[in-house]
Amino acid sequence: MSQSPKLFIFDLDGVITDTAEFHYLAWKKLAEELGVTFDRQFNEQLKGISRMESLERILALNPALSLTEEDKEQRAHDKNEYYKNLIASIDGEHTLPGIENLLKEIQGSGIKIALGSASKNASMVLEKLGLTNYFNYIVDAAKVSKGKPDPETFTTAADTLGIAYSDCIGVEDAAAGVEAINKAGMFSVGVGSSDHLAAADYIVEDTAKLNFEEIVRQYVSWKGKP
Ligand code: BG6
Ligand code: MG
């Protein structure tokens, strides 16, 4: 079974739990304070992107805004406070449909599992969901120097666990994340609309459609390609 995957690397926000919505609401509130408005279409560009880079992209919407570095740090801090308020009461009920079963199946078949998140809040969120024990390794914003779409988040997980990149499957809801997985030479699974995730090797509409056997089937056929 040398064709079988050896490691699944999951993005957190928007794949394991719907915290992507909370990031959106928190950025929206912050942006309104800055007199900037943005919609869900623009928000797609913020998915998977670090806190500071997200702030820079929002500030770029209004070139008349000129913030000092200190002010930027304060705004990023404010956004994180709004976000932390929104996630204060999340628990296992907030794990997206099908995810815990999928983690159980992967673990049960002896395949390793890692987290590949751009969030500094990742470990805390995973703990609140009660899912930490499924993960062999956690890569968060503190462990990488280059965020998505750079592949470092995904390659760090594979390198640490000693697994070849072509034996890995990455699961993402963000275009930047799919790009990172592809650049790492791993099999990419996109969760969401093909409008944003067309570059993924395999796309499902939502987490309920993430079927372990089908993902492995798709992976094996990808790996077998010349
Ligand atoms: C990513 C989210 O997982 O983490 C982004 O998709 C978010 O929306 C980024 O900005 C950074 O998160 P945090 O929790 O460190 O601000
Ligand atoms: Mg995400």
Side-chain angles (χ1 to χ4, degrees), residues 8-31 38-61 72-88 90 94-96 99 102 114-129 131 135 138-154 156-157 169-182 186 188-193 195-197 199-200 203-207 210:
F8 271 76
I9 308 169
F10 285 89
D11 172 48
L12 175 70
D13 299 312
V15 170
I16 287 178
T17 175
D18 200 14
T19 37
E21 182 66 13
F22 296 143
H23 279 294
Y24 169 65
L25 294 173
W27 278 128
K28 215 168 155 53
K29 182 170 159 74
L30 196 274
F38 69 86
D39 57 13
R40 284 181 185 275
Q41 178 69 24
F42 175 81
N43 187 58
E44 287 301 321
Q45 286 184 43
L46 303 183
K47 288 186 179 174
I49 303 298
S50 75
R51 196 181 304 167
M52 259 310 170
E53 175 63 20
S54 299
L55 177 63
E56 294 289 356
R57 290 187 186 193
I58 290 168
L59 293 176
L61 289 173
K72 285 181 190 171
E73 291 292 342
Q74 182 60 48
R75 299 290 181 164
H77 174 82
D78 290 350
K79 181 270 172 179
N80 195 46
E81 290 301 306
Y82 302 151
Y83 176 70
K84 286 198 298 191
N85 273 336
L86 290 166
I87 62 166
I90 66 164
H94 288 78
T95 303
L96 282 166
I99 290 292
L102 178 62
L115 191 79
S117 174
S119 172
K120 292 183 176 160
N121 294 294
S123 296
M124 187 246 291
V125 170
L126 216 50
E127 199 61 31
K128 278 173 172 288
L129 300 171
L131 298 176
F135 290 83
I138 292 173
V139 179
D140 60 15
K143 292 218 175 72
V144 295
S145 55
K146 285 172 267 152
K148 302 167 189 177
D150 188 279
E152 192 183 345
T153 301
F154 294 90
T156 299
I169 297 178
V171 189
E172 263 289 350
D173 70 317
V178 166
E179 192 181 330
I181 298 167
N182 291 347
M186 300 176 181
S188 56
V189 178
V191 183
S193 159
D195 294 352
H196 313 293
L197 305 174
I203 307 178
V204 295
E205 268 167 43
D206 55 52
T207 58
L210 286 169

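When a residue number appears, it is its place in the shown sequence, counting from 1. Values in this document were obtained by computation on a predicted structure and should not be read as measured data. Read the numbers this way: they start at 1 and go in the same order the structure lists the ligands and their atoms.
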* **K143 with E152: basic N within carboxylate O range, under 4.0 Å** => no
* Interatomic spacing from CG in L25 to OH in Y82 - rounded to 0.5 Å -> 13.0 Å
* Hey, mind stepping through Q41 and H196 against side-chain contact (heavy atoms from CB on, under 4.5 Å) and telling me if it holds? -> CA-CA 10 Å; Q41 178 69 24; H196 313 293; 4.2 Å; yes
* the Mg ion (ligand 2) - number of protein N/O/S atoms closer than 2.8 Å -> 3
* To do: Show your working on side-chain contact (heavy atoms from CB on, under 4.5 Å) between T153 and D11 and close with a plain yes or no.
  => CA-CA 10 Å; T153 301; D11 172 48; over 6 Å; no
* Asked: Does a side-chain N-to-carboxylate-O contact under 4.0 Å join K28 and E21?
  -> no
Which atom pairs, nitrogen or oxygen on both sides, join ligand 1 and the protein at under 3.5 angstrom?
residue  : atom   : partner : partner atom : Å
ligand 1 : 3 (O)  : D13     : OD2          : 2.6
ligand 1 : 6 (O)  : G48     : N            : 2.8
ligand 1 : 10 (O) : I49     : O            : 3.0
ligand 1 : 14 (O) : S119    : OG           : 2.6
ligand 1 : 14 (O) : N121    : ND2          : 2.6
ligand 1 : 15 (O) : R51     : NH2          : 3.2
ligand 1 : 15 (O) : K120    : N            : 2.7
ligand 1 : 16 (O) : R51     : NE           : 2.7
ligand 1 : 16 (O) : R51     : NH2          : 3.4

* **M52 vs E73, side-chain contact (heavy atoms from CB on, under 4.5 Å): CA-CA, chis, key distance, verdict** => CA-CA 8 Å; M52 259 310 170; E73 291 292 342; 3.7 Å; yes
* **Smallest separation among heavy atoms of L46 and R57, with atom names** => CD2-CB, 4.0 Å
* Asked: Taking all non-hydrogen atoms of both residues, which atom of K47 and which atom of A176 are closest, and how far apart?
  -> O-CB, 4.1 Å
* Verify the distance criterion only: is there a donor paired with an acceptor across the side chains of N80 and N121 at less than 3.5 Å? => yes
